[in-house]
Amino acid sequence: METISENACFGGTQGVYKHASSSCSCDMTFGLFQPQEVKDGPVPLLWFLSGLTCTHENAMTKAGAQAWAAEQGIALVFPDTSPRGQEVADDDAYDLGQGAGFYVNATQNPWRPHFRMWDYVTTDLPQLLERNFELDMDRQAITGHSMGGHGALTIAMSLPGRFRSVSAFAPISHPTASDWGRKQFTAYLGEDTAAWTPHDATLLMRERGFDGPVLVDTGTKDQFIDLLNPEAFAEAVNTRRQQATLRLQPGYDHSYFFISTFMEEHVAFHADALYS
């Protein structure tokens with residue numbers, strides 16, 4: 001593992017690191033905020049999965065999460081959103097290829113050799129974090145934005161017991177129900193729709209639910225709200241009678257101004273679960 005940078009931040013350290021990923025078969029970069037409490041022993045960990053076109057850096061610099069995580073004594077990890085490099089397949093569209101990994105393990109060419117973001121986030125990077133940092137991997141929570149909100153919800157529901165809480169900002173909630181979502185899943189996973197189900201938060205909520213609290217915020221002026229389909233996820237939550245808080249925030253859009261406004265509440269929400 002290579003240290004790219006480390007900066008003092010709210011009494012702790014904001015680092016950026018690069019490592020060779022066995023899942024993605026290329027070098028991957030991630031950000032990690034460690035609060036000052038790591039000096040006394042392992043601390044809980046909150047994952048932030050970012051959205052389309054983002055790298056590890058967007059949420060790390062724009063979400064304002066470190067201040068609230070420092071107050072709660074929680075570490076934050078900001079993974080990249082896809083494999084990268086000259087040898088990695090790409091596409092001219094913003095919603096496919098580099099920057100658009102969708103947190104799935106691709107089975108179709110040309111994406112299959114590198115686009116294994118599910119394994120990267122659930123296995124590869126957690127193992128590296130546990131080996132190299134003072135983190136309590138028995139106390140984890142997960143959140144994300146847009147494509148990352150989709151990833152946070154689907155990963156949390158698919159790995160019972162891994163995360164104590166899950167939240168999302170404007171998640172892509174029901175991708176199999178839209179032409180747009182079907183485009184991505186066909187490209188990465190093929191035409192067999194059975195392979196899509198494990199990556200649709202609404203379908204997973206109907207079938208499995210989550211063994212803990214859920215918080216989702218979406219802005220009423222989100223320019224992508226019809227693609228996000230929050231009403232489908234809300235219906236699934238109600239049908240399952242899942243413990244959840246689903247909020248439509250009046251006037252807010254899809255930007256990091258929206259995320260930073262409600263980040264304090266999301267970190268506090270996760271702190272309650274991580275320290276309970």
Side-chain angles (χ1 to χ4, degrees), residues 46-69 76 78-79 81 93-95 99-103 141-157 163 165-181 183-184 199-205 210 213-239 242-273:
L46 173 60
W47 293 74
F48 190 106
L49 305 185
S50 292
L52 286 166
T53 75
C54 291
T55 69
H56 69 281
E57 190 173 19
N58 295 72
M60 187 181 80
T61 59
K62 295 181 179 180
Q66 292 91 338
W68 312 120
L76 298 166
F78 305 96
T81 57
Y94 79 97
D95 55 358
F102 271 87
Y103 303 100
I142 191 167
T143 187
H145 172 230
S146 193
M147 177 184 74
H150 138 81
L153 291 170
T154 57
I155 288 171
M157 285 187 278
F163 302 99
S165 52
V166 59
S167 74
F169 299 88
I172 301 171
S173 298
H174 197 12
T176 63
S178 69
D179 290 340
W180 181 74
K183 167 194 168 184
Q184 327 304 330
H199 302 288
D200 186 304
T202 295
L203 300 181
L204 285 174
M205 179 56 69
F210 178 68
V214 178
L215 171 63
V216 177
D217 278 318
T218 304
T220 60
K221 290 190 176 181
D222 191 306
Q223 54 269 50
F224 305 109
I225 197 166
D226 290 337
L227 297 175
L228 305 178
N229 207 345
E231 59 273 19
F233 187 71
E235 182 180 1
V237 165
N238 288 335
T239 299
Q242 167 75 46
Q243 176 188 1
T245 301
L246 311 179
R247 307 187 299 194
L248 289 174
Q249 300 292 359
Y252 286 90
D253 60 16
H254 201 70
S255 70
Y256 271 91
F257 297 111
F258 157 63
I259 297 170
S260 60
T261 299
F262 298 101
M263 180 56 71
E264 179 184 7
E265 295 180 36
H266 280 245
V267 173
F269 163 79
H270 290 297
D272 285 344

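Hydrogens, waters and symmetry mates play no part in the numbers below; they use all other heavy atoms, side chains included.
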For a quick test of reading the model, state the closest non-hydrogen atom pair linking [X] to [Y] and the distance between them.
| X | Y | result |
| --- | --- | --- |
| Ala156 | Ile142 | CB-CG2, 4.0 Å |
| Phe258 | Tyr252 | CD1-CB, 3.7 Å |
| Val237 | Ala244 | CG1-CB, 3.7 Å |
| Thr220 | Pro250 | OG1-CA, 3.3 Å |
| Thr202 | Ser173 | OG1-O, 2.8 Å |
| Ala65 | Met263 | CA-CG, 3.7 Å |

- Query: Please, which pairs that meet side chain to side chain donor-acceptor pair (under 3.5 Å) have at least one residue in residues 264-273, sequence neighbours excluded?
  - Reply: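 Every side chain to side chain donor-acceptor pair (under 3.5 Å) pair that includes a residue of residues 264-273, provided the two are not neighbours, is Ser165-His270, Ser167-His266, Ser167-His270, Asp217-His266, Arg247-Glu265.
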- Task: Any side chain to side chain donor-acceptor pair (under 3.5 Å) involving residues 221-238? Give me the pairs, sequence neighbours left out, ordered by first then second residue.
- Result: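 Sorted pair list: Asp222-His254.
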State, yes or no, whether a side-chain contact exists between [X] and [Y] at a heavy-atom distance under 4.5 Å.
| X | Y | value |
| --- | --- | --- |
| Ile172 | Phe102 | yes |
| Leu46 | Thr143 | yes |
| Val216 | Pro171 | yes |
| Tyr103 | Met147 | yes |

- Got a donor-acceptor contact below 3.5 angstrom from the Thr218 side chain to the Leu248 backbone?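 No; zero donor-acceptor contacts below 3.5 Å.
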- Partners of Asp95 by salt bridge (charged side-chain N to carboxylate O under 4.0 Å, His left out), sequence neighbours excluded?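 If we apply the salt bridge (charged side-chain N to carboxylate O under 4.0 Å, His left out) test to Asp95, skipping adjacent residues, the hits are Lys183.
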- Query: Looking at residues at least two apart in the chain, or sitting in another chain, which of them share a salt bridge (charged side-chain N to carboxylate O under 4.0 Å, His left out) with Asp200?
  - Reply: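 Salt bridge (charged side-chain N to carboxylate O under 4.0 Å, His left out) check on Asp200 returns nothing, list empty.
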- Would you sort out whether Leu228 and Phe233 count as a side-chain contact (heavy atoms from CB on, under 4.5 Å), showing the intermediate values? CA-CA 9 Å; Leu228 305 178; Phe233 187 71; over 6 Å; no
- Query: For Thr81, what residues pass the side-chain hydrogen bond (donor to acceptor under 3.5 Å, both in side chains) criterion, not counting sequence neighbours?
  - Reply: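 Residues passing side-chain hydrogen bond (donor to acceptor under 3.5 Å, both in side chains) with Thr81: Arg84.
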Considering only distance and modelled atom types, tabulate donor-acceptor pairs under 3.5 Å from the side chains of residues 48-60, sequence neighbours left out.
residue	atom	partner	partner atom	Å
Thr55	OG1	Glu57	N	3.0
Asn58	OD1	Thr55	N	2.9

- Distance from His199 atom NE2 to Ile155 atom CD1, nearest 0.5 Å?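 Separation between the atoms: 9.0 Å.
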